[in-house]
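The structure appears right after this line, and notes come after that.
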Amino acid sequence: MAEDIILGIDLGTTFSAMAYVNRHGKPVIIPNSEGQSTTPSVLHFYGPGACVVGEEAVKAVVLDPDNVVRFVKRHMGEPGYALEYYGHTYSAQELSALILKKLKEDAEAALGVTIKDAVITVPAYFNSPQRGATAEAGALAGLNILSIINEPTAAAIAYGVERLGGRRKMLVFDLGGGTFDVTVMEIQGSSLRTLATEGNAELGGKDWDDRLLAHVAEAFQRQFGMDPLDDPQVHQELYERVLSAKIALSVKPRVVVPVNYAGNRTVVTVTREEFESISKDLVDQCAETCAIVLERAALRWSDLDDILLAGGSTRMPMIHALVRRLSGREPTSGINPDECVAHGASLAGVFRHRPNHPALARRHRPAPEAAGAPETGLPQGVSIVDVATHPLGMIALDALNQEQVVTLIPMGVPLPYDKRRRFAYPYDRLTAIRVEVTEGTGERREDVTVIGEVILDNLPPRPRGTPIDVVYRYTVNNILEVDVIDVETRAARKARISLKGGLSGAEMDAAIQRIAVAKVH
Ligand code: ADP
Ligand code: MG
């Protein structure tokens, strides 16, 4: 039984959640040790090697800010990123691993089993190093990462869209705590495919918190001429009250926030209308991001069949109103938006990696019109087609020996995707070849990012034109495998680009001359 469970993990920027698929095929959120369905992705270091994750760490945000880590996800795959606490240095992967470790341990305690396998979700726009760093964090937490899947794909699976049949286009609107991601996907029969995606990494629930906090603090200041945010302790308490007030405003028309500072007390009343008017420009920014994605997918709102909401901040009525106004329809409902990504991750894990799951064995084919979350039994034959979200290529030399980026994997192709391309020695008597792997759009080195390199050395010296093959394999897990092969001697060198954000498996030899492979034509 133990090895049967796949932990579906939504490793969020501000909150993380986890789920598993029970024997009836129903995804179930696993509460953390505090009994909550989501866990703040926050760490507090309180001594050498001593760290607490979650709600407890949030309490230290204002009081001990220097030892609190938030928004680690924004630094995943960032070269050289490191933070030091009590004499120990942590990479983004190591910090994320501490969050994952808490989730794993809490899940094991809640379910009474040992958990090994997991599926972790990442934003659709994450590039290979960011995905690799996420997989590495999982491994560091003692998990066997079966897949890294896109958050909107997971949300779509959780909403049960595979039951809809036919050909449908949907928009996943994911407004979380610190980021906003919009993805347009297409379902054809039972396969799911990402058409376009765009994120605003500077927009999320935190901005609404800050607006409300400033509004309440200003009201106090107008009355007493002093700013309650000047005192860290008061700031912390007020922030917590404002956060609860924001959440209450999602269901109530007005809230009261007590403020108590320097012997002065007052109660600030905030109506939902006021809250909406102070955050109107934030809502407008959401609309802008949607417009960008739709334009990229060459679609209009009227072309969409479903609007799916993900992320805790979509619980705010102003977001529902925005979606209704833009799309002219009601968003699909039925699952908690802050739980749907974890649900989908656990379902995707079973579809892909547990063909003998009891729920799959006695599944039935649901009626095409039966939308909504799967209740019992898993649908048959779901296939998830993710697409490459960035073009991948390499730097080669053109006929005039000028550097040029050659794209091997275009943006938007369905994964997995393989490409083999033949190149040639640009000069006589070379004994080593260096392939620089690039990510991004453009023809020149300055336009793209070099995400790794593969060196094939100890080659016999041969003339210009000697053939070299380069193979790129972009796997469904969004990991890029690169092979550089000397056609004549069959000598080859491989690298898996994502796992360390640079080259892995390829040898670095500083003595090798920096060269590029010439294109044949
Ligand atoms: P992440 O961005 O890390 O994926 P979530 O999707 O869980 O996180 O979203 C977290 C955000 O959702 C936080 O800003 C939180 O305050 C907000 N949120 C959660 N519930 C509600 C609610 N009922 N009303 C308004 N905002 C909410
Ligand atoms: Mg999220």
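Order of listing sets the numbers, starting from 1, for every ligand and every atom in it.
Here atom 6 (O) of ligand 1 lies nearest to Gly312 when heavy atoms of Gly312, Gly177, Cys340, Ala310 are compared.
The protein atom (non-hydrogen) at minimum distance from atom 1 (P) of ligand 1 is Thr14 OG1, 3.4 Å. Here the heavy atom of the protein found nearest to atom 23 (N) of ligand 1 is Arg315 CD, 3.2 Å. Scanning the protein for heavy atoms near atom 24 (N) of ligand 1, the closest one is Ser250 OG, 2.7 Å. Given atom 7 (O) of ligand 1, the protein heavy atom at minimum distance is Phe15 CB, 3.4 Å.
Classification of Lys73 and Glu151 as a salt-bridged pair holds, one side-chain N sitting under 4.0 Å from a carboxylate O. Ion pairing between a basic and an acidic side chain is recognised when a charged N comes within 4.0 Å of a carboxylate O; Asp210 and Lys206 show such pairing.
Some N or O of Lys246 is nearer than 3.5 Å to an N or O of ligand 1, by distance alone. Considering backbone and side-chain N/O atoms, Gly176 never comes within less than 3.5 Å of an N/O atom of ligand 1.
If you take SG on Cys51 and NZ on Lys102, they are separated by 10.5 Å, rounding to the nearest 0.5 Å.
Aromatic ring pairs are classed by plane angle as parallel below 30°, tilted from 30° to 60° and perpendicular above 60°; the pair Phe45 and Tyr85 is parallel.
Residue Ser313 places a heavy atom less than 4.0 Å from ligand 1. Under the 4.0 angstrom criterion for non-hydrogen atoms, Val251 is not in contact with ligand 1. Using a non-hydrogen distance threshold of 4.0 Å, Thr13 registers as a contact of ligand 1.
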Before giving the answer on ring-ring contact (aromatic ring centres under 6.0 Å, His included), spell out for Phe224 and Tyr261 the whole-Å C-alpha distance, their side-chain angles and the decisive distance to 0.1 Å. CA-CA 10 Å; Phe224 301 106; Tyr261 174 52; 9.5 Å; no

